[in-house]
2 protein chains.
Amino acid sequence: MNLTKRQQEIYHFLETHLNQFEYPPSLDELCHALGVRSRGSMHKHIQALVDAGLLEPMSGKQRGIRLKNIFSSSEDAHCLPFLGDIAAGIPFEAIENAEPIEVPSHLRTNKPCYVLRVKGDSMIDAGIIDGDWVIIEHCHQAQKNDIVVALIDQQEVSLKYFEQKHEKIFLHPANASMMPLCYDSQRVQIQGVLVGQMRQYR
Amino acid sequence: MNLTKRQQEIYHFLETHLNQFEYPPSLDELCHALGVRSRGSMHKHIQALVDAGLLEPMSGKQRGIRLKNIFSSSEDAHCLPFLGDIAAGIPFEAIENAEPIEVPSHLRTNKPCYVLRVKGDSMIDAGIIDGDWVIIEHCHQAQKNDIVVALIDQQEVSLKYFEQKHEKIFLHPANASMMPLCYDSQRVQIQGVLVGQMRQYR
DNA sequence: TTTTTTGTTCTCTATTTGTTCTATAGTATA
DNA sequence: TATACTATAGAACAAATAGAGAACAAAAAA
């Protein structure tokens, strides 16, 4: 359903100013803010916005005007735990309280996965840049040329290409200005393998 | 049905300027914007565009001029139409049969969007590589530094940084080994702006 | 409880704006 | 020349939109 001019004005006002009120405004207060003298007229506009699915129904409650969250329909979508920045490391105990992030099914596997946010430019030549989300399959081993989340000396976490030669593990950045890292294998713990990546513009 | 010259002018104006109005213009306002003095004449043109399937029917509503949303068909909550490779261009007739692809809500806008698959390395320095999916908001104008889907001479389609200087449009690759392209603005048609990106490993 | 605030419904009026119609004029084509 | 198509102006009408204000009922506060 399309909004009329006045309805758009009012919705835009609510979008931008609703959070500036201490509590949601009454119809009279809205009238005053928008230069309308009739409460009944304002009520008609608000009701139209409710019918259009843009506001929650007030159902008689005083000061019951609320914006409807358009994207809240992601309730039943496939979500994974977002565990924060890669540099911060992964306290796996905190998965329970982790914020969920929506991930399309083709960017994950059917094994347990989680999401991290990339910090830094060490994988820039692989098209993974600062701020990207990466979807990681939670596992503890990898093959050559996998991109892995590696925990070094129980401290530092990073995203690198994986290679194992005998008792040495090489972690290759994808950045011409950085050198590969080499560790004894017992110092490196694999915390997962990269299976997907997402980026938001705007 | 073919459009007359005037109808094409008006449709092009609506494509590029409709979203610059706070709310859709009335016929009188359209007349003023396009230098026409008769509301009745404008109505006839708009009606022709409705009959041609390019605009939604106004059906008596005030300010009822809307571009027809080509993507409204199979709008599964979390899916967008996947229209194939970027190089292939966008045959908008084939949208009906387009395969749906799952896209998380935070990688799209609440305007009509579609998905393309990237071919080639022209945006590699922006972290967009061959085989990536890109989510494009369907619109017809852009700002400097937006990454756009541009149709050149009704033939070639590509993904580039957008810049407009007077009557010239510059399309900048993100690849040190490629040169920017420069065209007269009427040769370039914007088909959308990049709002999200996804990549699958494995 | 009583009082005040505030949402709801209603009627009436005015303004805005889409729709239809007639008339005029330019241009291309048979 | 006659005909068809396109474009424009402007008048008249009808529908959609917006607002005011009264009366009432539900909710919240005292």
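Here the structure is a predicted model, which is why all the values come from computation and not from measurement. In the text below, chain A, chain B and the rest are named by the order of the sequence lines, each starting its count at 1.
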Is there a residue in residues 9-18 of chain B whose heavy atoms reach under 4.0 Å of DNA chain D, and which residues are they? none
Please work out which residues in residues 21-33 of chain B have a non-hydrogen atom less than 4.0 Å from an atom of DNA chain D and list them by number. none
Give every residue pair that meets the ring-ring contact (aromatic ring centres under 6.0 Å, His included) criterion with at least one member in residues 3-28 of chain B, sequence neighbours excluded. B:F13-B:H17
For A:Q143, check side-chain hydrogen bond (donor to acceptor under 3.5 Å, both in side chains) against everything at least two apart and list the hits. none
Salt bridge (charged side-chain N to carboxylate O under 4.0 Å, His left out) partners of residues 60-69 of chain B, not counting sequence neighbours, each pair once: B:E29-B:R63
Once side chain to side chain donor-acceptor pair (under 3.5 Å) is applied, what residue pairs with a partner in residues 119-137 of chain B remain, sequence neighbours excluded? B:T109-B:E137, B:D132-B:R199
Positional range of nucleotides in DNA chain C within the contact set of chain B, heavy-atom, under 4.0 Å: C:dT16 to C:dT20
The helix from C:dT1-D:dA30 to C:dA30-D:dT1: angle between end helix axes, five pairs per end, rounded to 10 degrees: 30°
Contact under 4.0 Å: A:T4 side-chain N or O vs D:dA18 OP1/OP2: yes
Protein-nucleotides 25-30 of chain D N/O pairs under 3.5 Å:
{"unit_1": "D:dA27", "atom_1": "N3", "unit_2": "A:Q62", "atom_2": "OE1", "d": "3.2"}

The salt bridge (charged side-chain N to carboxylate O under 4.0 Å, His left out) partners of B:K168 (sequence neighbours excluded) come to B:D184
DNA chain D-proximal residues of residues 35-45 of chain A, any heavy atom under 4.0 Å: A:V36, A:R37, A:S38, A:G40, A:S41, A:K44, A:H45
Mind checking ring pair (Phe, Tyr, Trp, His ring centres under 6.0 Å) for B:H140 and listing every partner two or more places apart, or none if nothing turns up? B:H138
